[in-house]
Amino acid sequence: MSYVDEVFQMVVEKNPAQPEFHQAVKEVLDSLRVVIEANEEAYKRDALLERLVTPERQLLFRVPWVDDNGQVQVNNAYRVQFNSAIGPYKGGIRLHPSVNLGIIKFLGFEQIFKNSLTGLPIGGGKGGSDFDPKGKSDREVMAFCQSFMTELTKYIGADTDVPAGDIGTGAREIGYMYGQYKRLTGLYEGVLTGKGLSYGGSLARKEATGYGLLYLTAEMLKTNGIELAGKTVAISGSGNVAIYACQKAQQLGAKVVTVSDSTGWIYDAEGIDVDLLREVKEVKRARLTEYAAARPSAEYHDKKAEGNNQWVVKVDVALPCATQNELNLEDAKNLVANGVIAVAEGANMPTTAEATEYLQANGVLFAPGKAANAGGVATSALEMSQNSERLSWTFEEVDSKLQTIMVNIFHNLDDAAKKYGMEGNYVAGANIAGFLKVAEAMTAQGIV
Ligand code: NDP
């Protein structure tokens, strides 16, 4: 059995019932085979892969809080500090009922390579809880966030571990968490990113993941001789990533015709009205049925009733921006049958392994999330720099740095794929480029 297969088998045996974590590790290890085989003796002696797939530290804790009826609720919470070879742990906090240790480990593992690809000094981590902010009052969300942070504060800091937002954790949640951290430690420091502008946040952080996704997609298309302008785009999700992906796609001359949430999706032949979408989702925190009600050109499709999602629509570019494994083999077949040119992942691992293979085998340009959505964490790292400097950069300054970072990421992975004989395989390119820097740093720092 090869070293890669041995390590993957160990991961499955030692981490039972964590299918998403297995999936993320398998994808990375499979595409690293050629690099590992070239250095197998040294990597094996140093157990480099075993250390890479084993978090440096995993924290599991309970979060008790009192709801509006005076009832005490208890949630499970996690922070996985996966790898600090190239910088302090960095990665978001997911608040969603589906959160468990395996999900947080898959996200933390992906984050190692994503953060490495940004070229910035940030290690990999991720956290979260099975708390669902949806349907809770502001006071309940604050009670949860304060209790969550009371425990997490012991393990994080501006130079050790810097969490950020993710699904369910937006500006409101980050604000409550930051307030509690400051109250407990007395420190006004850049311990969280995605902060509000009035207390140390960065301009363009809110937009960064969606904008970055489009900068990378446009560069991937351009490198392959294709213009983004004039193309039709399907987006899934209607949260932070989806909204700003939609806005930037339209600014770059493309037409976005779909968005979705967990219960339904919208087809808008005239192109999504981003201002209306923001009003419905960011301001009112309402369902997409409200978007459809306010916009005559929009059709609302209920996912359960119709049994399908937005990938049945004929588009040139598909940008999954909701959650993991939301684009499966059947969806990939629909997209290919409808002539899709490119798929770029705004969410983390939204495309199943079979769907990714099918898209690549059918000549679709495919940008993996760890590269395509790295703009969020890259801009978080820029927020950390501004906090350290006690300065705020302009929107244009941050946006232009983001654009440069995304273009560089694309060329790094394109070059890595070419160097290892896998031209056009951007999944392999991203994994290899991300891995090499981390492996070098781990080797240089000895057995820790
Ligand atoms: P938000 O919470 O702002 O939005 C999430 C969106 O996805 C909502 O429309 C939500 O619908 C939908 N969604 C969530 N869970 C499911 C599910 N199980 N099935 C179907 N739809 C679902 O999150 P973000 O936009 O921040 O994150 C989206 C993705 O992007 C995640 O994979 C995240 O890890 C990734 N990401 C985010 C970054 C960021 O900067 N925010 C950075 C890099 C990656 P509903 O409202 O109905 O729940």
Side-chain angles (χ1 to χ4, degrees), residues 20 24 90-99 103-104 106-108 110-111 113-115 117-118 122 124 126-128 130-135 163-174 192-194 201-202 204-213 216 235-246 258-266 277-278 280-282 284-291 302-304 309-311 319-328 331 344-351 368-383 402 406:
E20 293 85 2
K90 183 92 197 81
I93 292 170
R94 177 171 293 191
L95 299 181
H96 193 271
S98 64
V99 165
I103 299 261
I104 298 301
F106 120 62
L107 290 163
E110 291 271 300
Q111 198 82 44
F113 306 96
K114 180 189 308 193
N115 293 1
L117 282 172
T118 64
I122 38 179
K126 198 82 187 186
D130 57 4
F131 173 78
D132 187 358
K134 239 183 266 160
D166 190 75
I167 291 179
T169 306
R172 174 182 59 171
E173 290 75 16
I174 292 287
L192 288 167
T193 56
S202 172
R205 172 60 188 91
K206 186 174 65 173
E207 293 83 354
T209 308
Y211 278 23
L213 171 65
L216 186 132
I235 288 181
S236 64
S238 49
N240 174 261
V241 180
I243 289 172
Y244 294 96
C246 193
T258 74
V259 286
S260 67
D261 61 19
S262 48
T263 47
W265 57 281
I266 293 283
L277 183 66
R278 288 183 58 193
V280 171
K281 284 291 171 183
E282 279 186 356
K284 294 190 188 159
R285 298 176 190 271
R287 311 305 302 165
L288 282 174
T289 39
E290 287 211 15
Y291 176 96
D302 185 280
K303 284 189 189 174
K304 249 200 196 135
N309 59 35
Q310 64 286 338
W311 311 125
L319 305 174
C321 297
T323 193
Q324 64 272 3
N325 293 329
E326 51 154 319
L327 196 163
N328 62 26
D331 301 323
E345 298 184 317
N348 284 310
M349 210 168 72
T351 317
K370 59 173 77 70
N373 69 33
V377 75
T379 308
S380 277
L382 302 180
E383 183 175 329
L402 168 65
M406 298 314 292

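Both ligands and their constituent atoms are indexed starting at 1 by order of listing.
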Which atom of [X] lies closest to which atom of [Y], heavy atoms considered:
X	Y	result
E383	L192	OE2-O, 3.7 Å
I104	K126	CG2-O, 3.3 Å
G212	L402	N-CD2, 4.1 Å

Show which atoms of ligand 1 fall inside a sub-4.0 Å distance from at least one heavy-atom site of [X].
X	result
C321	28 (C), 29 (C)
R205	40 (O)
G237	9 (O)
N348	32 (O), 33 (C), 34 (O), 35 (C), 36 (N), 44 (C)

Tell me the nearest of [options] to [atom], using heavy-atom distances.
atom	options	result
atom 20 (C) of ligand 1	S262, S98, A245, A347	S262
atom 38 (C) of ligand 1	N373, L288, T209	T209
atom 2 (O) of ligand 1	G239, S260, G168, A208	G168

Any side-chain heavy-atom pair from [X] and [Y] closer than 4.5 angstrom?
X	Y	value
I103	H96	no
F106	N348	yes
V241	N373	no

Donor + acceptor pair across side chains of R205, S380 (<3.5 Å): yes
T263 and R287: side chain donor to acceptor below 3.5 Å: yes
Can you check whether [X] has an N/O within less than 3.5 Å of an N/O in ligand 1?
X	result
R94	yes
T263	no
D166	yes
R287	yes
L107	no
D261	no

T193/I174 under side-chain contact (heavy atoms from CB on, under 4.5 Å): CA gap, chis, key distance, verdict: CA-CA 8 Å; T193 56; I174 292 287; over 6 Å; no
Test log, rule side-chain contact (heavy atoms from CB on, under 4.5 Å), inputs K134 and S262: CA-CA 12 Å; K134 239 183 266 160; S262 48; 4.0 Å; yes
Looking at [atom], what's its closest protein heavy atom, distance included?
atom	value
atom 17 (C) of ligand 1	T323 CG2, 3.4 Å
atom 3 (O) of ligand 1	N240 N, 2.9 Å
atom 48 (O) of ligand 1	K134 NZ, 2.6 Å
atom 12 (C) of ligand 1	A322 CB, 3.9 Å
atom 9 (O) of ligand 1	S238 N, 2.9 Å
atom 27 (O) of ligand 1	I167 CG1, 3.6 Å
atom 25 (O) of ligand 1	V241 N, 3.0 Å

Sub-4.0 Å heavy-atom approach of H96 to ligand 1: yes
Verify atom 31 (C) of ligand 1: protein non-hydrogen atom under 4.0 angstrom away: yes
Salt-bridge present (K114, E110; N to O < 4.0 Å): no
Derivation and outcome, side-chain contact (heavy atoms from CB on, under 4.5 Å), residues Y211 and K206: CA-CA 9 Å; Y211 278 23; K206 186 174 65 173; over 6 Å; no
Of I243, V280, L288, the residue whose pairing with V259 passes side-chain contact (heavy atoms from CB on, under 4.5 Å): L288
